[in-house]
Amino acid sequence: MRMTHLSVEDLGQIAVGLRRQCVRGDLNAGLVADALESVVRRRHAAQMAPRRRHANNFMTSAWQRVTAWASLR
C-alpha cells in the first residue's frame, strides 16, 4: 500500500491546532506541534534548495560571461 504525504500547509494547520490545545494546558500537544513545525521548516528548506541552486548557477554563469568578455578587451 502506498502511503500518502501531507502537504506542508496541512502539517502547519495541524501544528496550529495542536498549539491551541497546548494553550489550554495539554503539554503533549505542544511537543507534537514542535515536531511538526520542525518537519515544516525542513520541507520548506528542501523546496527552496533547487531554486537557490538555479539562482546561484545563473549568477555564476553571468559572472563567467562578464569575465570572459572583459578579458578579451
Side-chain angles (χ1 to χ4, degrees):
M1 180 186 335
R2 184 174 178 163
M3 307 261 312
T4 59
H5 292 273
L6 293 172
S7 71
V8 174
E9 292 80 19
D10 293 337
L11 292 173
Q13 291 300 317
I14 293 170
V16 167
L18 289 170
R19 284 276 172 226
R20 288 186 191 127
Q21 289 179 5
C22 181
V23 169
R24 290 185 228 137
D26 186 359
L27 298 178
N28 289 328
L31 295 173
V32 174
D34 288 342
L36 286 175
E37 289 167 350
S38 173
V39 171
V40 168
R41 282 191 301 273
R42 288 181 187 179
R43 286 193 183 177
H44 273 297
Q47 288 174 351
M48 294 302 293
R51 294 179 190 159
R52 287 190 196 117
R53 270 193 305 260
H54 176 70
N56 289 341
N57 289 343
F58 175 76
M59 289 305 296
T60 300
S61 64
W63 280 114
Q64 288 172 343
R65 289 191 304 268
V66 169
T67 305
W69 174 82
S71 65
L72 292 175
R73 293 273 169 187

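Being a predicted model, the structure only gives us computed values, none of them experimental.
Through direct or relayed side-chain contacts under 4.5 Å between Ile, Leu, Val, Met, Phe, Trp and Tyr, Val40 connects to Leu6, Val8, Leu11, Ile14, Leu18, Val32, Leu36, Val39.
Applying the salt bridge (charged side-chain N to carboxylate O under 4.0 Å, His left out) test to pairs two or more places apart or on separate chains, none has a residue in residues 4-18. Residue pairs meeting the side-chain hydrogen bond (donor to acceptor under 3.5 Å, both in side chains) criterion with at least one member in residues 21-36, sequence neighbours excluded, are Arg19-Asp34.
Across all their heavy atoms, Ser7 and Arg43 have their closest contact at C-NH1, 4.3 Å. Between Cys22 and Ala29, the closest heavy-atom pair is N-CB, 4.2 Å.
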